[in-house]
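A note on names: the letters A, B, ... follow the listed sequences, proteins ahead of strands, and every chain is numbered from 1. Note that the structure is a prediction, hence the values are computed from the model and not measured. Quick note: numbers below take in every heavy atom, side chains included, and nothing from hydrogens, waters or symmetry partners.
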Number of protein chains: 2
Amino acid sequence: MEMDGISRVRRFNRAVSTEIGALDSSFLGRGRPLGEARVLCRIGAKGATVAAIRDDLALDSGLLSRLLRSLEGQGLVEVAPDPADRRRRIARATKRGLREVAAYDRLSDTRAAALLERHSGRTWAALLEAMDRIACAVGAERIVIDTADPHDPDARQCLEGYYGDLARLFDTGFDPAVSLDPEPEALRPPVGDFLVARCDGMPVGCCALKGAGSAVGEVKRLWVAPAARGLGLAERLMAAAEARALGLGMTTLRLDTNRALTAAIGLYRRTGWREVPAFNAEPYAHHWFEKRIAPGG
Amino acid sequence: MEMDGISRVRRFNRAVSTEIGALDSSFLGRGRPLGEARVLCRIGAKGATVAAIRDDLALDSGLLSRLLRSLEGQGLVEVAPDPADRRRRIARATKRGLREVAAYDRLSDTRAAALLERHSGRTWAALLEAMDRIACAVGAERIVIDTADPHDPDARQCLEGYYGDLARLFDTGFDPAVSLDPEPEALRPPVGDFLVARCDGMPVGCCALKGAGSAVGEVKRLWVAPAARGLGLAERLMAAAEARALGLGMTTLRLDTNRALTAAIGLYRRTGWREVPAFNAEPYAHHWFEKRIAPGG
DNA sequence: TTCATTGCCTGACTAAAGTCAGCTAATGGA
DNA sequence: TCCATTAGCTGACTTTAGTCAGGCAATGAA
């Protein structure tokens with residue numbers, strides 16, 4: 001059997017649907033029908049409006065209503081009108097409800113751990129990487145870019161990935177101590193910013209904007225996680241950084257880069273950046289770029 | 001959110017279950033309840049005993065019975081006693097049934113293609129690779145090793161992977177024309193054999209046994225697909241090759257290998273192979289090994 | 001103030017899925 | 001030959017899921 005893309009997808013489907021079924025079966029096993037369990041977990045600790053639950057779980061209005069009544073009857077959920085619009089109603093888990101949600105959570109964790117345990121040492125990392133890649137590909141349209149503090153754990157995780165990549169790619173290796181490392185203050189509002197891209201909560205890329213309170217800013221630390229490459233995320237991060245730079249009052253952006261980062265260099269050239277003479281003494285840089293971003297510039 | 005293994009698995013689960021749901025929804029959309037469609041597809045072109053269907057789909061005996069009656073009523077399936085044991089009954093698809101199965105198949109193909117289409121060029125290969133890895137990890141216990149002809153398409157696919165790996169790994173590159181390439185006849189019974197490992201139908205590894213009709217055989221072309229590495233498949237292939245060698249009347253096995261293949265060399269040393277002086281003039285070889293396999297040897 | 005709209009609920013269904021006890025026929029060993 | 005076992009079937013259920021037509025109260029624009 002020659003395996004083309006389609007049969008490989010279908011084989012994947014077949015293989016995973018059993019696994020997924022097992023993971024989802026954590027929604028059973030507490031003596032509650034699937035529908036109720038799903039609604040309860042969707043409400044979770046934060047609560048949710050009835051409409052939000054209906055949309056997320058694709059439930060009929062009447063059916064959801066009944067499921068909520070049943071959960072109320074079990075003392076797991078309380079539904080109250082939204083003070084902002086008293087037609088709308090907000091469902092919240094009670095103390096007991098929260099305990100149930102936590103129990104479901106533990107069940108899911110156990111199943112996930114069991115899946116991992118079946119795969120000893122060596123395979124783990126590769127397996128998780130493959131899972132990340134698929135989750136990113138499937139959830140590509142859900143990737144969101146947000147401002148974050150450069151010391152935020154997600155930002156740190158991205159930076160670790162970034163430094164790791166540089167150390168691997170640069171023919172000289174990479175030592176952050178040797179590089180021109182910007183002060184964290186330069187990467188925070190009001191002078192600069194730090195953007196993190198997340199896919200379903202997992203950090204998958206970053207881009208820093210270094211400012212000095214002037215009209216010239218600098219783009220630093222553009223990075224995309226291996227699992228999220230090929231989805232056009234670098235472009236999106238750069239576009240977000242430019243938009244943010246405008247918001248911070250910058251009119252010109254600069255950046256420096258190493259010759260090993262060919263994909264990034266290609267991106268810069270493609271998106272309106274102009275190569276310029278060195279504007280700093282960054283020891284790892286071989287190319288310097290500039291882009292005027294002010295509207296009508 | 002720091003992502004540990006468990007949350008990554010759960011995130012993967014969440015991401016894929018939607019996708020899988022969409023792929024599985026091909027079981028709907030032909031105006032037949034899910035249960036019937038699943039049973040019909042399980043019967044497929046080959047037919048199946050009632051017990052096998054029951055086990056595979058985890059259906060209650062009574063429920064399955066009713067589903068079969070309904071499918072019979074629609075003229076899609078015929079159930080007849082198994083001549084070998086007339087208590088047991090075998091369900092087979094009728095002509096119309098086969099057409100229906102084919103239609104479901106096309107639906108699945110379409111969904112799979114749609115999934116791939118959403119991911120343009122660059123991502124495809126990486127995505128499929130990730131899918132293969134997960135399917136292999138999940139289906140590891142279903143990997144089977146069979147005899148195949150060295151010209152069989154699956155065998156060829158493995159050999160392409162093998163040559164590709166060698167070309168990448170050897171510091172000299174690799175040209176099959178320069179290497180001592182055994183005649184296909186030497187890799188076929190009654191003197192030799194060619195083993196292919198498959199996971200749910202996908203070729204994931206191979207191992208050749210070159211014979212000359214004497215008591216000394218040679219192990220060649222041990223290869224495991226990247227997606228199936230870390231699952232202990234190389235060990236299994238070597239063990240299968242040894243067993244097959246005994247069956248072909250060999251008492252001693254030899255092999256040569258390149259110094260770049262450190263994992264393979266480690267495996268040989270671990271499993272009772274003894275390094276010996278060069279026994280051939282293979283230009284790509286740096287190490288030669290030998291193992292006595294005759295029982296009590 | 002009127003009135004269409006929105007958001008959710010209830011009642012009255014149907015369909016699908018799942019459960020369980022008891023039945024019959026075939027099998028194979030004592 | 002007897003009889004325990006196996007394989008599957010049937011009838012008589014219950015539960016879960018899903019649908020749809022109203023209904024009522026809150027809302028907000030005319």
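By the neighbour-count criterion of 12 heavy atoms within 6.0 Å, atom CD of E78(A) is sparsely surrounded, having that number or fewer from other residues, nucleotides or ligands.
Judged purely by distance below 3.5 Å, without hydrogens or angles, the side chains of S70(B) and R66(B) never pair a donor atom with an acceptor atom. Donor-acceptor pairing under 3.5 Å is lacking for the side chains of S108(B) and D105(B). Of the N and O atoms on the side chains of S65(A) and R69(A), at least one donor lies less than 3.5 Å from an acceptor on the other residue.
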Tell me, for nucleotides 6-15 of chain C in 5' to 3' order, what letter each nucleotide earns: B for a base near a protein heavy atom under 4.0 Å, S for only sugar-phosphate near one, - for neither? BSSBBBB---

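Contacts classified as salt bridge (charged side-chain N to carboxylate O under 4.0 Å, His left out) and involving residues 134-145 of chain A (residues at least two apart or in different chains) are given here: R142(A)-D200(A). For residues 53-65 of chain B, the set of pairs meeting the salt bridge (charged side-chain N to carboxylate O under 4.0 Å, His left out) definition, not counting sequence neighbours, comprises R42(B)-D56(B). For residues 25-39 of chain B, the set of pairs meeting the salt bridge (charged side-chain N to carboxylate O under 4.0 Å, His left out) definition, not counting sequence neighbours, comprises R30(B)-E100(B), R32(B)-E100(B).
Atom CG in L57(B) sits about 14 Å away from atom C1' in dG18(C), given to the nearest Å. Rounded to an integer number of Å, the gap from R32(B) CZ to dA17(C) P is 12 Å.
In the 5' to 3' direction, nucleotides of DNA chain D lying under 4.0 Å from heavy atoms of chain A begin and end at dT16(D) to dT27(D).
Non-hydrogen atoms lying under 4.0 Å from DNA chain D are contributed by nothing in residues 35-44 of chain B.
Shown here are the side-chain contact (heavy atoms from CB on, under 4.5 Å) partners of S17(A), two or more places apart in sequence or in another chain: N13(A), I20(B), D24(B). With sequence neighbours excluded, the residues forming a side chain to side chain donor-acceptor pair (under 3.5 Å) with R87(A) are D85(A), listed by chain and number. Annotation: salt bridge (Lys or Arg N to Asp or Glu O under 4.0 Å) contacts of R86(A) (sequence neighbours excluded): none. For D149(A), the side chain to side chain donor-acceptor pair (under 3.5 Å) criterion is met by R188(A), not counting sequence neighbours.
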Could you list the donor-acceptor pairs under 3.5 angstrom formed by side chains in residues 238-249 of chain A, with sequence neighbours left out?
residue	atom	partner	partner atom	Å
E242(A)	OE1	K291(A)	NZ	3.2
E242(A)	OE2	K291(A)	NZ	2.7
R244(A)	NE	D193(A)	OD2	2.4
R244(A)	NH2	D193(A)	OD2	3.2

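Taking the six-membered ring where tryptophan is involved, the planes of F12(A) and F12(B) are perpendicular, since the angle between them exceeds 60° and thus also 30°.
Terminal axes of the helix from dT1(C)-dA30(D) to dA30(C)-dT1(D) (five pairs each, C1' rotation axis) are separated by 10°, to the nearest 10°.
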